[in-house]
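One structure is given below, encoded as C-alpha cells.
Heavy atoms only: backbone and side chains are in, while hydrogens, waters and symmetry mates are out.
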Amino acid sequence: MTIMNNRPLTGKSRRTSIKAALAQERETPGVHLGGWVRTVRGGKELTFLELNDGSCFASLQVVVEENSPAANDIARIGTGACIEVTGDLVISPASGQRWELKAAEICLLGGTDADYPLQKKRHSLEFLRTIAHLRPRSNTFGAVFRVRNALSFAVHRFFQEQGFLYVQTPIITANDCEGAGEMFRVTTLDPKTPPTKDGEIVWGEDFFGEKTGLTVSGQLQAELFATAFSDVYTFGPTFRAENSNTSRHVAEFWMIEPEMAFADLGDNCRLAENFFRYMVVHALENCAEDLKFFNDRIEKGLIDKLEQLAGAEFKIVTYTEAVALLQKSGQKFSYAVEWGLDLQSEHERWLTEKIIGGPVFVIDYPAQIKAFYMRRNEDGHTVAAMDMLVPRVGEIIGGSQREERREFLEARMREVGISPESLSWYLDIRRWGSCPHAGFGLGFERLLMYVTGMENIRDVIPFPRTPGNARF
RNA sequence: UCCCCAGUAGCUCAGUCGGUAGAGCAGGUGGCUGUUAACCACCGGGUCCGUGGUUCGAGUCCGCGCUGGGGAGCCA
C-alpha cells in the first residue's frame with residue numbers, strides 16, 4: 001500500500017491475536033496484543049490480567065511487575081477495560097496455563113467503571129439478553145458466536161463441495177400466499193393518509209404497485225433456479241410476523257433452503273441427513289474448545305451426543321407409522337394422537353426423544369395438514385412431505401418433494417383458495433420443462449441450538465427480534 | 001394470542017406467622033512474593049417493578065398493569 005498524503009498512517013499497529021499467541025511453539029519477545037480484560041488479580045509485587053480478544057475461548061494471562069513501566073496504568077484497569085499490551089511471551093512458571101505475557105508496556109484504550117454490567121461471575125442468560133450489546137464479551141456468547149461463524153462457513157462449504165449454486169432470493173416479495181406465516185408489510189405509503197377507495201387501501205399506488213412484504217421463504221424462487229441450475233441453495237434472512245412467544249421462534253432468522261431438480265423425497269432426506277451430519281462433524285473438528293465449554297456448562301454429554309450422531313444412520317418413519325408408534329407407546333398426551341391430525345410438539349418430542357432416541361424424519365403426511373405445493377402421493381391422500389425432528393429442539397427441518405404436475409398443482413391451489421393467476425410464474429415452471437424436484441428449509445438458529453446445547457433461540461442469534469423487542 | 005411462574009442493592013439471591021432490609025460477588029480503601037471467577041480486613045450502596053386496595057402496620061395479602069421466564073398454538 002502506498003500512502004499518498006502526509007497522514008501519519010504507519011500500518012504497524014496490528015496486533016497478534018491471542019489465538020495465535022497461545023499457539024506459539026517458542027518464547028517470543030516483543031509481542032503486541034489488544035483485548036478486553038476479563039479479570040484482574042492484584043498482589044503487592046505482581047498483577048495478573050486475563051485478556052480476551054474473542055479470537056478463541058481462552059484468555060491470555062498478562063503479568064505486570066510492580067516496577068515495570070507497564071505498572072503505571074494498572075490501578076485504573078478493571079474488568080471490561082480495553083487495553084493494548086506489548087511484552088514478552090514466555091512459558092508461565094505457575095501451573096494453570098502454558099503461556100503468559102510479561103508486560104513491558106500497557107496502554108489503556110477504554111476504561112470501565114463500577115456500573116459495567118458484565119462481571120467476572122455467572123450471569124443468567126435472561127440478564128445477558130438485556131445487554132445484548134455486551135454479551136458477546138462473555139464466555140458463553142463468545143463461544144456461541146464463534147460456532148455460529150464456523151457453521152455459517154460450513155453451510156457454504158457443504159453445498160459448494162456438492163456443486164450447488166448459491167442463489168440470493170429476494171427479501172422483498174409480493175407473495176403472501178406461501179402458507180408459511182404472517183408477513184411484515186413493506187410500504188412507502190404514508191400511514192396517516194394512505195390512498196383509499198371505498199375504505200380500502202389502494203396498494204396499486206404503493207412503491208411496487210402491489211402489496212409487498214418481507215420474505216417468509218425463498219423456496220418458490222429457489223424452485224425457479226433449480227429448474228435452470230439443477231441444484232441450488234439459499235442462505236439468508238427470513239421474516240415471520242407471527243406473535244410467537246417461545247424459545248424456538250424469532251421474527252427474523254436465517255434459513256437454509258436447498259432445492260434439487262431430478263430428486264424425490266428420498267434424495268431430499270439423504271441430503272438433509274448428509275448436511276446435518278456435515279455440520280456436526282465440522283463443529284467437532286473446528287470448534288473443540290467452544291464445544292468443551294458447552295459440554296461442561298450448558299448441556300452435559302453434548303460432545304457424546306454429537307459424536308454419536310456423526311456415526312449414526314437417521315431413522316425414517318411415515319406419518320402413519322409415527323401415529324401408530326405414539327398410540328401404542330402407552331404415554332398419556334394432552335392432545336389426542338389420531339390419523340389426520342397434526343402432530344403436536346409433545347408428540348414430536350416423545351417420538352424423537354423417547355421412541356427413536358435421536359434425529360428422525362417423519363414423511364408422507366396427510367395432504368390436508370400440509371402446504372399446497374407438496375407432491376401428492378399415489379395413495380391420493382398423503383403428500384411427499386418430510387419433517388426432521390431432533391431431541392430438545394423439535395422440528396429443525398421441513399421439506400417436501402414439490403408437485404411438478406401442473407394439473408395437480410393448479411387443482412390444489414384452487415382447493416386452498418390461492419388464485420393460479422397470482423403465481424403464474426410458479427405454474428409456468430410446470431408448463432415448460434417441468435421436472436421432479438425436492439427441497440427443504442432448515443432453521444440455522446435451530447441447528448445452532450442443537451450443536452451448542454443452548455435452549456433458547458434468542459441466545460444463538462446476535463440481536464434477536466421477537467414480539468415487542470427490536471432493541472440493539 | 002392463551003395457560004402457569006417470577007420481579008428485593010450494579011449482578012446472583014435470602015427475607016419465617018404481616019412488625020419497618022440481608023449475604024455473596026461487583027465498586028472504594030488498606031494488606032498480601034506467582035495469582036487462577038485469588039485471598040484477608042474495613043467502607044459506601046435500596047422507588048423491595050408500577051399502581052390501587054385490605055390493615056394500627058405490606059417486600060410479604062388482594063385487584064389491575066408492565067417486564068421477564070416456562071409451556072401451548074403458528075413454524076424453521
Report all side-chain donor-acceptor pairs from residues 89-96 of chain A shorter than 3.5 Å, counting only partners two or more places apart or in another chain.
| unit_1 | atom_1 | unit_2 | atom_2 | d |
| --- | --- | --- | --- | --- |
| A:Ser92 | OG | A:Ala94 | N | 3.4 |
| A:Ser92 | OG | A:Ala94 | O | 3.3 |
| A:Ser92 | OG | A:Gln97 | NE2 | 3.0 |
| A:Ser92 | OG | A:Glu100 | OE1 | 2.9 |

Identify the pairs formed between an N or O of the protein and an N or O of nucleotides 47-49 of chain B at a distance under 3.5 Å, and give each distance.
none

Can you tabulate the close N/O pairs, meaning under 3.5 Å, that link protein atoms to atoms of nucleotides 70-73 of chain B?
| unit_1 | atom_1 | unit_2 | atom_2 | d |
| --- | --- | --- | --- | --- |
| B:G70 | OP1 | A:Asn456 | ND2 | 3.2 |
| B:G70 | OP2 | A:Asn456 | ND2 | 3.4 |
| B:G71 | OP2 | A:Ser247 | OG | 3.3 |
| B:A72 | OP2 | A:Arg248 | NH1 | 3.4 |
| B:A72 | O2' | A:Tyr335 | OH | 3.1 |
| B:A72 | N6 | A:Asn245 | O | 3.4 |
| B:G73 | OP1 | A:Gln344 | OE1 | 2.3 |
| B:G73 | OP1 | A:Ser345 | N | 3.3 |
| B:G73 | OP2 | A:Ser345 | OG | 2.9 |
| B:G73 | N2 | A:Asn243 | O | 3.1 |

Can you check nucleotides 25-31 of chain B for protein contacts, nitrogen or oxygen pairs under 3.5 Å, and list what you find?
| unit_1 | atom_1 | unit_2 | atom_2 | d |
| --- | --- | --- | --- | --- |
| B:A26 | O4' | A:Gln119 | OE1 | 3.2 |

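Distance check on atom C1': B:U16 versus B:A21 gives 15 Å, rounded to whole Å. Straight-line distance between the C1' atoms of B:G69 and B:U36: roughly 34 Å, to the nearest whole Å. Remark: the separation of the P atoms in B:G68 and B:G53 is 28 Å, to the nearest Å. Atom name C1', nucleotides B:G71 and B:C13: the rounded distance is 25 Å, in whole Å. The gap from the P atom of B:G31 to that of B:A6 amounts to 48 Å, rounded to the nearest Å. For the C1' atom pair drawn from B:U20 and B:G15, the interatomic distance equals 13 Å after rounding to whole Å. If you take atom C1' in B:G45 and the same atom in B:G24, they sit 15 Å apart, rounded to whole Å. Look at the P atom in both B:U35 and B:G44: the space between them is 32 Å, to the nearest Å.
Note on A:Ser124: only backbone sugar-phosphate atoms sit closer than 4.0 angstrom, heavy atoms only; bases stay farther off. Here A:Phe48 lies in heavy-atom contact (under 4.0 Å) with a base. The residue A:Leu46 sits close to a base: some heavy atom pair falls under 4.0 Å. Using a 4.0 Å heavy-atom cutoff across all strands shown, A:Ile397 reaches sugar-phosphate atoms only and no base atom. Among the protein residues, A:Gly441 comes within range of the sugar-phosphate backbone only, with heavy atoms under 4.0 Å from sugar or phosphate atoms but none that close to a base.
Side-chain contact annotation: A:Thr382 with A:Asp364, donor-acceptor N/O pair under 3.5 Å absent. Using modelled atom types and a 3.5 Å distance limit, the side chains of A:Thr39 and A:Lys120 yield a donor-acceptor pair. Counted by atom type alone, A:Gln119 and A:Thr79 present zero donor-acceptor pairs between their side chains at under 3.5 Å. Looking at A:Arg15 and A:Ser17, their side chains never bring a donor and an acceptor atom within 3.5 Å of each other. When only modelled atom types and interatomic distance are considered, A:His437 and A:Glu404 share no side-chain donor-acceptor pair under 3.5 Å. For A:Arg38 and A:Asn139, the side-chain atoms include at least one donor-acceptor pair closer than 3.5 Å. No hydrogens or angles considered: a donor-acceptor pair under 3.5 Å links the side chains of A:Tyr233 and A:Gln160.
Aromatic ring pairs are classed by plane angle as parallel below 30°, tilted from 30° to 60° and perpendicular above 60°; the pair A:His282 and A:Phe153 is tilted.
With a 6.0 Å cutoff to the six-membered ring centre and a 45° limit on the axis angle, A:Arg412 does not count as a cation-pi contact of A:Phe372. A cation-pi arrangement is present between A:Lys305 and A:Tyr450, with the terminal nitrogen or guanidinium carbon under 6.0 Å from the aromatic centre and inside a 45° cone about the axis.
Across all strands shown, B:U47 forms no Watson-Crick or G-U wobble pair with both key distances under 3.5 Å. Nucleotide B:C13 is matched to B:G22 when pairs are restricted to Watson-Crick or G-U wobble geometry with both distances under 3.5 angstrom. B:G68: Watson-Crick or G-U partner is B:C5, with both key distances under 3.5 Å. Pairing partner, B:C61: B:G53, with both Watson-Crick or wobble hydrogen-bond distances short of 3.5 Å.
Between the CD atom of A:Gln61 and the P atom of B:G34 there is a distance of 13 Å, rounded to whole Å. Between A:Leu51 atom CG and B:U36 atom P there is a gap of 19 Å when expressed in whole angstrom units. One interatomic measurement links the two molecules: CD of A:Glu257 to P of B:C75, which rounds to 15 Å at whole-angstrom precision. Rounded to an integer number of Å, the gap from A:Leu125 CG to B:C11 C1' is 14 Å. A straight line from CG of A:Asp387 to P of B:C74 spans 12 Å, rounded to a whole angstrom. Distance CD (A:Glu45) to C1' (B:C32): 10 Å, rounded to an integer number of Å. Spacing between atom CD of A:Glu50 and atom C1' of B:G34 amounts to 13 Å, rounded to whole angstrom units. Taking atom CG of A:Leu128 as the reference point, atom C1' of B:G69 lies 15 Å away to the nearest angstrom.
Among residues two or more places apart in sequence or in another chain, the salt bridge (charged side-chain N to carboxylate O under 4.0 Å, His left out) test is passed with A:Glu161 by A:Arg157.
Among pairs with a residue in residues 96-133 of chain A, those fulfilling ring-ring contact (aromatic ring centres under 6.0 Å, His included) read A:His123-A:Phe127, A:His133-A:Phe472, at least two apart in sequence or across chains.
Here the closest heavy-atom approach between residue A:Val216 and residue A:Thr238 is recorded as O-CG2, 3.2 Å.
For B:U35, the base has a donor-acceptor partner in the side chain of A:Gln97 [N/O atoms by modelled type, under 3.5 angstrom].
Between A:Arg41 and B:U35, a side-chain N or O to OP1/OP2 separation shorter than 4.0 Å is absent.
The listed nucleotides are B:G34, B:U12, B:A38; the one nearest the side chain of A:Thr39 is B:A38.
For the pair A:Gly43 and A:Pro117, nearest-nucleotide mapping onto RNA chain B gives the more 5' position to A:Pro117.
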